[in-house]
**Q** 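My questions all concern the structure below.
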Amino acid sequence: AVVSTQSTGIRLDNDEFMWMCRPPLNWDVYNFSQGKFKSARLEDSLARSKFEDIKDYIKLPGRAVNISISVAANTTFVGGRYTKTARDISQTPWLKQDGLLISGNVEDILCRPLQEAFRADEAKMHSAGREDIDVRMLGSGRPFYVQLTNVRKFPTQAILNELQAEINKKSVHVKCYKLTPVKKSETELVKQGQEEKQKEYRCIIKADNVVTDEMICKLNSVENLDLQQKTPLRVLHRRSPLTRTKKIIKINARVLTKEEVEVCCKHDLNLIESLSGKLVVAEVMSEAGTYIKEFVHGDFNRTVPNVGTIMGTRCDMLQLDVVNLSMVWPPERSGSKGNVVEEI
């Protein structure tokens, strides 16, 4: 048992207290028949005693004490948006088949400067969804936040403005905007946006047959179309095999002009001839979480309906861009200005 009193700040175990329990203290603080201390009398006796009266009867401290103190800062969060204008940069680190990391990824480009500037133990990026390595992120960018663990220097808006300029100067194809400190409670908005917000895409689609006006008309008549999407084959190794209901809100499509086809084919005459009249550019607005590539090529009819079944000809995706994510992030601050990256 341990005896302590708030009034004197003395803390003793039974043996120590029995040894010192003599004048000027009174033996009646201990109930020998019950083998325990009388709390009220103990408190009263100690409260009336002065340390000078009892210091000769006890040794302080009574035993060796080891104290370990660990201090860590609260986790800090920095929010912003990023754009990516290259088709060979992954969002997170990728491993090659030989086990080596592919150099350059969005997370590393954004997190490393923040971790170094604020001397954090760790920096982890979270975003509202993700794009494939061969997909560009345009428009106002993808919302994200960086979680900084145990910072030694706290981020201010002035420092973040300088870091943003430094990151954008060093990085050619990945840019960040609106870097600002955010609260932990506000980061929930990014998680909600990943599944709840609408997204807009621009696709270059190749059809097996020459695309007619009737095909384009069918495609453009799509409105609030429900899809049944099985988990795509390309991600089945890391995702649960489920069938998800997703919605295509609307499509605005047209056949590429001869001049546009020439640019796409880099003026290769044989390629231009084989693709003339078969390339379509489509702007697609969809519910968040929709697999757009699979909506275009059907994924062996694992996504139905799809662009091929709507147009009546087999289709494939040549290029895909994310052009807009409809959510306000980071939370608006007074005097903030947006940035928009157009197609390059």
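Sequential numbering from 1 along the given sequence is applied to the chain's residues. What you see is a predicted model; the values in this text were computed from it and never measured. Heavy-atom basis, side chains included; hydrogens, waters and symmetry copies ignored.
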**Q** Under 4.5 Å between side-chain heavy atoms, counting indirect links through other Ile/Leu/Val/Met/Phe/Trp/Tyr residues: same cluster for Ile167 and Met137 or not?
**A** yes
**Q** Using atom types as modelled and distance alone, determine if a side-chain donor or acceptor of Ser276 lies under 3.5 Å from a backbone N or O of Glu273.
**A** no
**Q** Which pair of heavy atoms, one from Arg119 and one from Arg152, lies closest together, and at what distance?
**A** O-CD, 3.1 Å
**Q** Answer yes or no: is there a side-chain heavy-atom contact under 4.5 Å between Leu233 and Asp299?
**A** yes
**Q** What is the minimum heavy-atom distance between Ile216 and Ala253, and which atoms define it?
**A** CG2-O, 3.5 Å
**Q** In this structure, are over 12 heavy atoms from other groups packed under 6.0 Å from Lys247 atom NZ?
**A** yes
**Q** Would Lys246 and Glu294 satisfy salt bridge (Lys or Arg N to Asp or Glu O under 4.0 Å), going step by step from the backbone distance to the final call?
**A** CA-CA 12 Å; Lys246 294 296 179 180; Glu294 282 65 29; over 6 Å; no
**Q** Output the distance between atom CG (Asn168) and atom OH (Tyr82), rounded to the nearest 0.5 Å.
**A** 14.0 Å
**Q** Given the rule in the side-chain contact (heavy atoms from CB on, under 4.5 Å) test, do Tyr145 and Thr180 qualify, once you have shown the distances and angles that lead to the verdict?
**A** CA-CA 9 Å; Tyr145 68 89; Thr180 187; over 6 Å; no
**Q** Report the residue from Thr243, Asn306, Thr290, Thr303 that forms a side-chain hydrogen bond (donor to acceptor under 3.5 Å, both in side chains) with Gln229.
**A** Thr303
**Q** Is Leu279 reachable from Leu271 through a run of I, L, V, M, F, W or Y residues, each pair having side-chain heavy atoms under 4.5 Å apart?
**A** yes
**Q** Any heavy-atom pair between the side chains of Leu148 and Val78 that's under 4.5 Å?
**A** yes
**Q** Evaluate the criterion side-chain contact (heavy atoms from CB on, under 4.5 Å) for residue pair Ile89 and Val174; output intermediate values, then yes/no.
**A** CA-CA 9 Å; Ile89 299 177; Val174 176; 4.1 Å; yes
**Q** Mind checking whether Trp329 and Val182 have side chains closer than 4.5 Å, heavy atoms only?
**A** yes
**Q** Do the side chain of Arg202 and the main chain of Val281 share a donor and acceptor less than 3.5 angstrom apart?
**A** no
**Q** Got more than 12 heavy atoms from elsewhere within 6.0 Å of CG, Asp134?
**A** yes
**Q** In terms of hydrophobic clusters joined by side-chain contacts under 4.5 Å, are Phe295 and Val323 together?
**A** no
**Q** Any idea which heavy atoms bring Leu179 and Gln164 closest together, and the distance?
**A** N-OE1, 3.0 Å
**Q** Crowded around Lys250 NZ? As in, over 12 foreign heavy atoms under 6.0 Å?
**A** no
**Q** What do you reckon, is CG of Asp226 surrounded by more than 12 foreign heavy atoms closer than 6.0 Å?
**A** yes
**Q** Can you check whether Ala128's main-chain N or O pairs, donor with acceptor, with Lys191's side chain at less than 3.5 Å?
**A** no
**Q** Ser90 side chain to Thr92 main-chain N or O, any donor-acceptor pair under 3.5 Å?
**A** yes
**Q** If we only count heavy atoms from C-beta on, is the Gln198 to Ile249 side-chain gap below 4.5 Å?
**A** yes
**Q** Is there a path of hydrophobic side-chain contacts, each under 4.5 Å between heavy atoms of I, L, V, M, F, W or Y residues, that connects Ile248 with Ile310?
**A** yes
**Q** Between Lys199 and Arg142, is a side-chain contact (heavy atoms from CB on, under 4.5 Å) present by the stated rule, with each step listed?
**A** CA-CA 10 Å; Lys199 299 182 181 180; Arg142 186 179 296 278; 3.9 Å; yes
**Q** Closest heavy-atom contact between Ile272 and Cys265?
**A** CG1-CB, 3.6 Å
**Q** Could you tell me the separation between the CZ atom of Arg87 and the CG atom of Asp321, rounded to the nearest 0.5 Å?
**A** 4.5 Å
**Q** Ignoring hydrogens and geometry, is there a side-chain-to-backbone donor-acceptor pair from Asn150 to Asn74 under 3.5 Å?
**A** no
**Q** Is a side-chain donor or acceptor of Arg81 paired with a backbone partner of Cys176 at a separation under 3.5 angstrom?
**A** no
**Q** For Lys175 and Ser171, indicate whether the former's side chain and the latter's backbone hold a donor-acceptor pair under 3.5 Å.
**A** yes
**Q** Yes or no on side-chain contact (heavy atoms from CB on, under 4.5 Å) for Leu227 and Val304, after CA distance, side-chain angles and deciding distance?
**A** CA-CA 6 Å; Leu227 308 179; Val304 289; over 6 Å; no
**Q** Determine whether Gln157 and Asn161 satisfy the following criterion, side chain to side chain donor-acceptor pair (under 3.5 Å), listing intermediate values before the conclusion.
**A** CA-CA 6 Å; Gln157 191 59 60; Asn161 290 342; 3.0 Å; yes
**Q** Between Glu186 and Lys183, is there a donor-acceptor pair closer than 3.5 Å when you use the side chain of the first and the backbone of the second?
**A** yes
**Q** Just by modelled atom types, is the Ile159 backbone N or O under 3.5 Å from a matching donor or acceptor in the Glu162 side chain?
**A** no
**Q** Please examine the side chains of Thr85 and Leu138, heavy atoms only from C-beta on, and report whether any two atoms are closer than 4.5 Å.
**A** yes
**Q** Side chains of Ile205 and Leu318: closer than 4.5 Å at any heavy-atom pair?
**A** no
**Q** Check this for me: does any side-chain nitrogen of one of Asp88 and Arg136 sit under 4.0 Å from a carboxylate oxygen of the other?
**A** no
**Q** Using a strict threshold of under 4.0 Å (side-chain N to carboxylate O), is an ion pair present between Lys169 and Glu166?
**A** no
**Q** How close do Pro143 and Leu325 get, heavy atom to heavy atom, and via which atoms?
**A** CD-CD2, 3.7 Å
**Q** Taking side-chain contact (heavy atoms from CB on, under 4.5 Å) as the criterion, tell me which of Ile204, Val307, Ile292 meets it with Met317.
**A** Ile292
**Q** Side-chain donor-acceptor pair under 3.5 Å between Gln147 and Thr75, yes or no?
**A** no
**Q** Going by heavy atoms in the side chains, are Ser286 and Tyr201 under 4.5 Å from each other?
**A** yes
**Q** Provide the closest heavy-atom pair for Leu320 versus Cys203 in the form atom of the first, atom of the second, distance.
**A** CD1-SG, 3.7 Å
**Q** How long is the straight-line distance from OG1 of Thr313 back to CG of Asp208, given to the nearest 0.5 Å?
**A** 5.0 Å
**Q** Is Met311 reachable from Val255 through a run of I, L, V, M, F, W or Y residues, each pair having side-chain heavy atoms under 4.5 Å apart?
**A** yes
**Q** Quick check: does any side chain N or O of Gln91 sit under 3.5 Å from a backbone N or O of Val106, one acting as donor and the other as acceptor?
**A** no
**Q** Answer yes or no: is there an ion pair linking Asp132 with Arg234, defined by an N-O contact shorter than 4.0 Å?
**A** yes
**Q** Measuring from Glu116:CD to Cys111:SG, what's the distance to the nearest 0.5 Å?
**A** 11.5 Å
**Q** So for atom CZ, which belongs to Arg244, do other residues, nucleotides or ligands contribute more than 12 heavy atoms lying within a distance under 6.0 Å?
**A** yes
**Q** With side chains defined as the heavy atoms from C-beta onward, is the minimum distance between Asn220 and Asn252 less than 4.5 Å?
**A** yes
**Q** Report the distance from atom NZ of Lys206 to atom CG of Leu256, rounding to the nearest 0.5 Å.
**A** 13.5 Å
**Q** Working to the nearest 0.5 angstrom, can you tell me the gap between Leu225 CG and Glu287 CD?
**A** 11.5 Å
